There are 2 protein chains.
Amino acid sequence: MTMAENNPRGNLMAMNCPSREVLKHMTSKWGVLVLIALEGGTHRFSELRRAIGGVSERMLAQTLQWLEGDGLVQRRAYDVVPPHVEYRLTALGVEAAQRVRSLTDWIEANALHISDNWSKNRAEVSK
Amino acid sequence: MTMAENNPRGNLMAMNCPSREVLKHMTSKWGVLVLIALEGGTHRFSELRRAIGGVSERMLAQTLQWLEGDGLVQRRAYDVVPPHVEYRLTALGVEAAQRVRSLTDWIEANALHISDNWSKNRAEVSK
DNA sequence: CTCCATACTTACAAAAAAGTGCGTACTTAT
DNA sequence: ATAAGTACGCACTTTTTTGTAAGTATGGAG
């Protein structure tokens with residue numbers, strides 16, 4: 001019996017596990033940042049774009065569609081011109097965002113420890 | 001003042017933030033699974049390879065090097081032949097792995113809710 | 001004597017992700 | 001009259017990530 005088969009925590013370790021797809025959306029470069037931005041409340045598309053440094057319109061749109069497809073984000077469009085669209089977290093999305101933020105908060109809190117290691121390891125490599 | 005600038009949670013929202021690099025390693029396709037696997041204890045390279053369905057040797061090696069470089073994983077090599085190398089989490093790595101696992105546990109627990117949305121959204125698109 | 005296992009590395013190829021620039025339809029500000 | 005803002009879609013290119021296959025040194029099994 002392999003480790004993956006008797007792993008009590010489920011099937012993530014198995015290739016072709018559908019959970020890996022959701023994981024991909026939530027942990028994608030922009031997915032993480034969208035989720036934590038929306039934790040601060042409803043945002044319009046271009047507000048998100050300005051809030052998240054470096055996203056292109058294309059990537060932001062795609063990420064929002066992924067998260068909407070997973071039921072983590074709700075899109076509400078008003079039929080006016082110029083267009084007006086609002087994005088907010090669903091109940092599911094709030095839970096997801098909390099987990100993601102616990103990760104990012106930890107990273108930011110430990111950034112100094114980690115970059116210590118960067119210098120140390122670079123030194124080892126160079127000698 | 002932009003939203004990114006007065007964001008009290010730090011600089012992740014700014015492009016070129018070094019924390020984004022760590023985030024990338026931890027949330028990379030294989031980084032997540034390596035951290036979780038190593039939560040179960042020390043593993044040899046090929047044990048990890050068998051435990052994590054679908055990793056190639058190349059990707060596993062690279063992922064382990066990233067995590068080692070960030071100080072989350074410790075590598076210990078015995079100078080014998082055939083080679084014998086063990087990987088384990090550092091104290092920092094244990095903390096990181098806990099956050100990652102809270103994310104994956106949530107995903108697996110909510111996989112059904114999420115795939116409900118998949119069917120719903122597909123239906124909307126097709127009509 | 002050949003094959004397998006170990007823990008990788010390297011070169012190359014394929015696939016996926018990301019970025020770029022343009023178009024849209026209409027309003028408001030200049 | 002022209003430019004800017006809005007929320008994207010589309011076509012195209014570049015970049016990044018991932019996979020594949022092979023090579024390495026050595027001992028033990030068949």
Side-chain angles (χ1 to χ4, degrees), chain A residues 2-3 15-17 20-34 37-38 42-70 73-88 121 124-125, chain B residues 2-3 15-17 20-34 37-38 42-70 73-88 121 124-125:
Chain A
T2 72
M3 196 175 169
M15 49 191 300
N16 303 13
C17 171
R20 285 194 184 176
E21 187 69 12
V22 189
L23 184 65
K24 198 169 72 180
H25 299 161
M26 287 177 57
T27 64
S28 69
K29 182 171 180 184
W30 305 119
V32 171
L33 300 177
V34 165
L38 288 181
T42 301
H43 282 70
R44 297 183 60 171
F45 184 87
S46 46
E47 285 174 346
L48 284 172
R49 178 146 157 64
R50 282 187 289 267
I52 301 172
V55 228
S56 64
E57 296 193 344
R58 183 189 181 284
M59 279 301 105
L60 180 56
Q62 185 175 104
T63 302
L64 286 167
Q65 284 165 11
W66 282 343
L67 298 177
E68 196 195 348
D70 294 344
V73 163
Q74 191 198 344
R75 188 189 112 109
R76 187 176 298 173
Y78 299 87
D79 192 12
V80 292
V81 76
H84 182 118
V85 181
E86 290 178 356
Y87 293 91
R88 67 178 61 192
N121 291 331
E124 278 173 27
V125 167
Chain B
T2 72
M3 196 174 167
M15 49 191 299
N16 303 13
C17 170
R20 285 194 184 176
E21 188 68 14
V22 189
L23 184 65
K24 197 169 74 182
H25 299 161
M26 288 176 57
T27 64
S28 71
K29 182 172 180 181
W30 305 118
V32 171
L33 300 176
V34 166
L38 288 180
T42 300
H43 282 70
R44 298 183 59 173
F45 185 87
S46 46
E47 286 173 345
L48 283 173
R49 178 147 156 63
R50 283 187 287 267
I52 300 172
V55 227
S56 65
E57 295 192 345
R58 184 188 180 286
M59 279 300 106
L60 181 57
Q62 185 174 103
T63 303
L64 285 167
Q65 284 165 9
W66 282 343
L67 298 177
E68 196 195 348
D70 294 345
V73 163
Q74 191 197 345
R75 188 189 113 111
R76 185 176 299 172
Y78 299 86
D79 194 10
V80 293
V81 78
H84 183 118
V85 182
E86 290 178 355
Y87 293 91
R88 68 178 59 193
N121 292 330
E124 278 174 28
V125 167

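These numbers come from a predicted model, not from an experiment. In what follows, chains carry the letters A, B, and so on, assigned in the order in which the sequence lines appear, proteins first and then strands, with residues in each chain numbered from 1.
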S.K.: Rounded to the Å, how far apart are L48(B) CG and dA7(C) C1'?
M.R.: 12 Å
S.K.: Measure up the W66(A) and H25(A) rings against each other and bin them: parallel (under 30°), tilted (30 to 60°), perpendicular (over 60°).
M.R.: parallel
S.K.: State whether the side chain of R88(A) and the backbone N or O of L38(A) hold a donor-acceptor pair below 3.5 Å, judged by distance alone.
M.R.: no
S.K.: When you check every protein heavy atom under 4.0 Å of nucleotides 3-21 of chain D, what one-letter string (B, S, -) results, 5' to 3'?
M.R.: --BBSBS-B-----SBBB-
S.K.: Can we say R44(A) and E47(A) salt-bridge, meaning some charged N sits less than 4.0 Å from an Asp/Glu carboxylate O?
M.R.: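 Judged by the 4.0 Å cut-off on N to carboxylate O distance, R44(A) and E47(A) do not form a salt bridge.
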S.K.: Ignoring hydrogens, what is the shortest heavy-atom contact between L67(B) and G31(B)? Give both atom names and the distance.
M.R.: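 That closest heavy-atom pairing would be CD1-O, 4.3 Å.
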S.K.: Could you tell me which non-hydrogen atom of E86(B) sits nearest to which non-hydrogen atom of T42(B), and how far apart they are?
M.R.: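 For E86(B) and T42(B), the tightest heavy-atom pair comes out as CB-CG2, 3.7 Å.
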